[in-house]
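Chain letters run A, B, ... following the sequence lines, proteins first and then strands; every chain starts at 1.
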Amino acid sequence: MSVDLSVAVGTLRLANPVLSASGTFGYGLDLVDLCPPEALGGVVTKGLSPLPRAGNPPPRIVETAAGMINAIGLQNVGVDAFCRESLPQLRQRRVVVVVNVFGETMDAYVQVLRRCEEEEGIAAYELNVSCPNVSAGGMEFGHEPQQLERLTARCREATEKPLWVKLSPNAPDLVATARAAVAGGADALSLINTVRAVAIDAERRRPVLPRVFGGLSGPAIKPIALRMVLEVHRALPEVPLVGIGGIETGRDAVEFLLAGASAVQVGTATFRDPAAPLRIVRELEAFCAAEGVGAVQELVGALAWP
Amino acid sequence: MSVDLSVAVGTLRLANPVLSASGTFGYGLDLVDLCPPEALGGVVTKGLSPLPRAGNPPPRIVETAAGMINAIGLQNVGVDAFCRESLPQLRQRRVVVVVNVFGETMDAYVQVLRRCEEEEGIAAYELNVSCPNVSAGGMEFGHEPQQLERLTARCREATEKPLWVKLSPNAPDLVATARAAVAGGADALSLINTVRAVAIDAERRRPVLPRVFGGLSGPAIKPIALRMVLEVHRALPEVPLVGIGGIETGRDAVEFLLAGASAVQVGTATFRDPAAPLRIVRELEAFCAAEGVGAVQELVGALAWP
Amino acid sequence: MIARRDMRVRLAARRELSPSCFLLELVTDTPFEAQPGQFGMLACRAGRDPFLRRPFSLAAVGARGEGTVCELLVKEVGRGSRALRELAVGGELQLLAPLGRGFDLATPEGGRLALVAGGIGLPPLLFAAERLAAAGQPFDLFLGAATAAELLLVERCQRAVGAVGGELVLATDDGSRGERGVITEALARRWASGAAYATALACGPTPMLAALTQLARSWGLELQLSLEEPMACGVGVCLGCVVDGADGRRVTTCKEGPVFRASELAARWWQ
Amino acid sequence: MIARRDMRVRLAARRELSPSCFLLELVTDTPFEAQPGQFGMLACRAGRDPFLRRPFSLAAVGARGEGTVCELLVKEVGRGSRALRELAVGGELQLLAPLGRGFDLATPEGGRLALVAGGIGLPPLLFAAERLAAAGQPFDLFLGAATAAELLLVERCQRAVGAVGGELVLATDDGSRGERGVITEALARRWASGAAYATALACGPTPMLAALTQLARSWGLELQLSLEEPMACGVGVCLGCVVDGADGRRVTTCKEGPVFRASELAARWWQ
Ligand SMILES: Cc1cc2nc3c(=O)[nH]c(=O)nc-3n(C[C@H](O)[C@H](O)[C@H](O)COP(=O)(O)OP(=O)(O)OC[C@H]3O[C@@H](n4cnc5c(N)ncnc54)[C@H](O)[C@@H]3O)c2cc1C
Ligand SMILES: Cc1cc2nc3c(=O)[nH]c(=O)nc-3n(C[C@H](O)[C@H](O)[C@H](O)COP(=O)(O)OP(=O)(O)OC[C@H]3O[C@@H](n4cnc5c(N)ncnc54)[C@H](O)[C@@H]3O)c2cc1C
Ligand SMILES: Cc1cc2nc3c(=O)[nH]c(=O)nc-3n(C[C@H](O)[C@H](O)[C@H](O)COP(=O)(O)O)c2cc1C
Ligand SMILES: Cc1cc2nc3c(=O)[nH]c(=O)nc-3n(C[C@H](O)[C@H](O)[C@H](O)COP(=O)(O)O)c2cc1C
Ligand code: FES
Ligand code: FES
């Protein structure tokens, strides 16, 4: 049985619903031999800022039970280097590119978008709003609905391409931030980013990470991510969602689709299995074939509510 | 080297800092052969309500990566049966008993406390406030600081014994709820309860749990629990804390102590290893001996902040 | 009550029984005993994946040297059973056993037991059959499966039944071996032709148990059922494994079961 | 560049080398090759525990039949290495290899290489030594450990060194074998008595590498260091394994390393 894997995330059509998540697939070209990016629904870039950033000092990662904590600190080559060095190759390979954007001020976000708008071959933008808003005292953009609405609206003005806002699971009120992003003009919401977490070195009596806090990812958080997708989908059933958090298998992807996601992103799983996103596409296809699902799109939001 | 394992949680002295967590050790007597309750710092009972409750329909549990989701629905024998059937034996064994209390109204909490106050052999109370407040429209007591303060104050009037309030990780503002519990008269705060989560059956396209949502526990949540203990300890350094969430080893216990907990509770780990709480006491002792820690109490809050 | 223990066990042998099922021979240094129908909680792999232990009915328990050998029959369905399939012989696991309430094997004077097993429901009944055979108590064994290849350990079952002059009745859904159709129909045919049993002991898929309960009620046959529910602790502390009891209480399968008399369970459990 | 592959490998043998260290012989059906200093990301147990793969330096890679045999030397310190200790022979694992940038083994005309290994830093240097021996390139090997029992594979090292007329210098902190003291002091004594090296290749604990860097700088000796940093992906996509580079950039150990020339690293990396 042949399965139609294509999905729509708002107006954006994808050949299949599996994207690589930001920060776990470089700029899309590091794993061409193990996981060809053009075989995926799309690739979300490492978060880009106007200028290159060195990120946090090491150590930056800690293994946890069925997950890991990272504090990379948004190291990136800067939007300009990305556009010059990676984008042409991605374009040539016909990769669906979603540029992940962050900044410490609203202007910084807009700068990244403006620079990208000069280029061909970008399919959509994803705003990483788990970033301290320097002008508003360091509170994360994604934690305060009014700030988030303004940020989204500013970015909305800068582009007509699909604009995704990536929600933080640490926000006091998830649904309120979701609504704010939509009010500001978001076309879709991606969720979730990493969960705030700490690791402690018992012998040395100090936090493992120099900045103490980091973000938890991997299968450990899957049940939380799935819950959040379901909550946002029930509150805002018309808004396209992109599900993220601990996805490791085709079946995991199905669960997120059923909960209301139109597509999914695979992050940490790629560290354990560099071909994970591609494998998940195949497993998803096999699942649909076995269950008699002709088109993956049918699964989106198809959860029976008891 | 002999290690002094005793700790103080406010005015309550415990022979060691390891308690069994509510809902994972029955009423303290089910595992006397595998994990003698009198060898622990204490035992926290399954949550008690004024009358017996049947809890949720099955299925009630789902395995997840390094954790599980439960929706037991607070099945319990009722406070009266506990006081008649279990408490005398616990008393005889000189077990340090912490009664976990919940209700759907403030009066229900107070009723449980009043009934317990008639008995000897209860060391402290722990209020489970992750319970829908029926009179306030179903919002959980632990999610709204004002309600929580009132509930704590009402319970405070009913007893002079140590009163612990168990915080929910799902509250919009953890530190605000912590402050409210303290303002209401709590002697200590236990954290964390389970994290709201969902599991989906991909083939059947429905939630695994009949009530859809459940609570995630186990090592998967440890990095989140540790972060929350650290956050509350930094905001309220004078308030005794009891750390809970994914503790499986003596080293895990040390991490919570360093983060600011005066004692810890072991929950889900007991399902994988019925002797886990006792093993953790021994591992903690071995850790201290190896690291030259003469008294466990020294570890409490001893994390170096970078 | 037989003392339970959390034991280190070593995989001494694995034998394929069918395309999906295999037998594990686990040995331990310490002696232990169990009743048919009791189970153990097995950590299927070192480390945290799978996270929870899995309950497995004990299929045989006997002395070997100073220690004990314990057999499990396992059907490969998911994470835990797959880990058991992959475990190299010589590998070690942790087993907490024996747990729960087993079958009551006492037969009323001159009465006869029917043992009814569907698919991977065989293990507790194999244990019961071999115990009954050793004690010289008469019984018949009804063994059903989807297809011939999934009828497990038929010769061994035959030996146990034969030792007490009983009958081994086989049935497969596709008729590839034994009678065609489900095993409860085979039992009903025996009953209709006069085979009166004092008690039936059964384990198998829920539809089989449901059909059996209906029949037993209409016949006035006493029935003991071994149930399978998802379990976290296996020792009665998590309340994860409950079923609805006849008295309206929710009862734990791990501690009050896994064997229940049908009369102890809520009628709606069967609908 | 040699193509990397994510391969199924089977544990063909495990050999104890010291109280804490052992050698694994992993075989795979597919041929692969590697350069000394390159590493592989090994999933140390089936399932999710440990969660991340662990990087291990390749200690030897060679053809066996149609496939390849690859040796690792492992020190038992935590979850991953313990799982490797427990893995039954015959068990299968997943290995992504070869990864990263290895040593540059080219020797300037008439020059001589010094290979310096501390403790479990031996594997990449053993690989280098056996390659150099096979190619007839002269080198001396300096091997240090805390105590005699932790000096690994001494005879095998001796054979490699002997093949090209080089010297094997041993040192232990407690003087139980070879020279007393740290291995860098042994190197310094050789240097002082006129042994001029073109380049040193080194792997070992950070204090050893730091001491070596100081010495090399004062001597004007070119130095290649194999670094160990915590890694999540091993392939350059997570940015978890960075160290500070000489040019102020943070460079990935897994992709731009693990072998760096000392001059490529920030001076403060050594303080
Ligand atoms: C008291 C008791 C005794 C048991 N005795 C035995 C025994 O002797 N032999 C034995 O093989 N099993 C037995 N089981 C079942 C066993 O505990 C596991 O549930 C089973 O091995 C599946 O675990 P898993 O980790 O392989 O699959 P999981 O990863 O836990 O499940 C994988 C998927 O399969 C589904 N599933 C679970 N069980 C079954 C099933 N039986 N058939 C089809 N799908 C299923 C799950 O819903 C899930 O979707 C017993 C259970 C109980 C409660
Ligand atoms: C490029 C590279 C090559 C490597 N090659 C080898 C090799 O050939 N052989 C080898 O044995 N290891 C090698 N390692 C180290 C290896 O990857 C693991 O870090 C090591 O095996 C410990 O993993 P674990 O899971 O056993 O311990 P973990 O559970 O990860 O760690 C347990 C504890 O030990 C500490 N720890 C980690 N590493 C060490 C150490 N080396 N000594 C003391 N304590 C430690 C950790 O901080 C932690 O507290 C290499 C690392 C890198 C980056
Ligand atoms: C090492 C690492 C780096 C990440 N960097 C980014 C980033 O730059 N921008 C962003 O929006 N999310 C980033 N994330 C979050 C992931 O995109 C994803 O939301 C999260 O890890 C949860 O998914 P997972 O469990 O599949 O990894 C990063 C995650 C990890 C593990
Ligand atoms: C099956 C189960 C039942 C629980 N019942 C209760 C309860 O009755 N009252 C309560 O306050 N917490 C209850 N909890 C929460 C635990 O006490 C603990 O806070 C939580 O599981 C996190 O700790 P852990 O990861 O060590 O299990 C329950 C947890 C589980 C897994
Ligand atoms: S499995 Fe925990 S009570 Fe039965
Ligand atoms: S380990 Fe991921 S970038 Fe090096």
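Both the backbone and the side chain of Asp273(A) come within less than 4.5 Å of a heavy atom of chain D. Residue contact with chain A, scored on non-hydrogen atoms closer than 4.5 Å, involves the backbone and the side chain of Ala232(D) alike. Using a 4.5 Å cut-off between heavy atoms, Met231(D) contacts chain A through its backbone alone, with no side-chain atom that close. For Pro57(A), the parts lying near chain D are the backbone and the side chain together; criterion is any non-hydrogen pair under 4.5 Å. In this structure, chain D has a heavy atom under 4.5 Å from the backbone of Thr64(A), while its side chain stays farther away. Interface remark: Arg48(D) contributes backbone and side-chain atoms alike to the contact with chain A (heavy atom separation under 4.5 Å). Contact annotation for Asp30(A): both backbone and side-chain heavy atoms come within less than 4.5 Å of a heavy atom of chain D.
Within a 6.0 Å sphere centred on CD of Gln92(A), other residues, nucleotides and ligands contribute 12 heavy atoms or fewer. The number of heavy atoms from other shown groups lying within 6.0 Å of CZ (Arg53(A)) is above 12. Surrounding CZ of Arg279(A) are more than 12 heavy atoms belonging to other residues, nucleotides or ligands, all under 6.0 Å away. Remark: Glu66(D) CD is loosely packed, at most 12 non-hydrogen atoms of other residues, nucleotides or ligands lying under 6.0 Å away. For Arg84(A), the CZ atom sits in a packed shell: over 12 heavy atoms of surrounding residues, nucleotides or ligands are nearer than 6.0 Å.
Side chains of Pro58(A) and Arg250(D) form a contact here, defined as non-hydrogen atoms less than 4.5 Å apart. Residues Arg272(A) and Gln94(D) fail the side-chain proximity criterion, which asks for heavy atoms closer than 4.5 Å. Side-chain contact between Asp6(D) and Pro274(A): present, with at least one pair of heavy atoms (C-beta onward) separated by less than 4.5 Å.
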message = Is there a salt bridge (charged side-chain N to carboxylate O under 4.0 Å, His left out) between Arg79(D) and Glu63(A)? Walk through the geometry before answering.
response = CA-CA 11 Å; Arg79(D) 286 191 105 76; Glu63(A) 184 181 70; 5.4 Å; no
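The structure places CD of Glu229(D) at 9.5 Å from CD1 of Ile61(A), a figure rounded to the nearest 0.5 Å.
Scanning all heavy atoms of the two residues, the minimum distance from Gly67(A) to Phe51(D) falls at O-CD2, 3.3 Å. Considering all non-hydrogen atoms of both residues, Cys238(D) and Phe271(A) come closest at CB-CZ, 3.3 Å. Here the shortest heavy-atom pairing between Leu239(D) and Ile72(A) reads O-CD1, 3.5 Å.
Within the 3.5 Å criterion, the main-chain N or O of Val242(D) finds no donor-acceptor partner in the side chain of Arg60(A).
Ranked by non-hydrogen atom pairs under 4.5 Å with chain D, the options Gly26(A), Ala66(A), Pro219(A), Ala220(A) are led by Ala66(A). Heavy-atom pairs under 4.5 Å with chain D were tallied for Asp33(A), Asn70(A), Thr270(A); the largest tally goes to Asp33(A).
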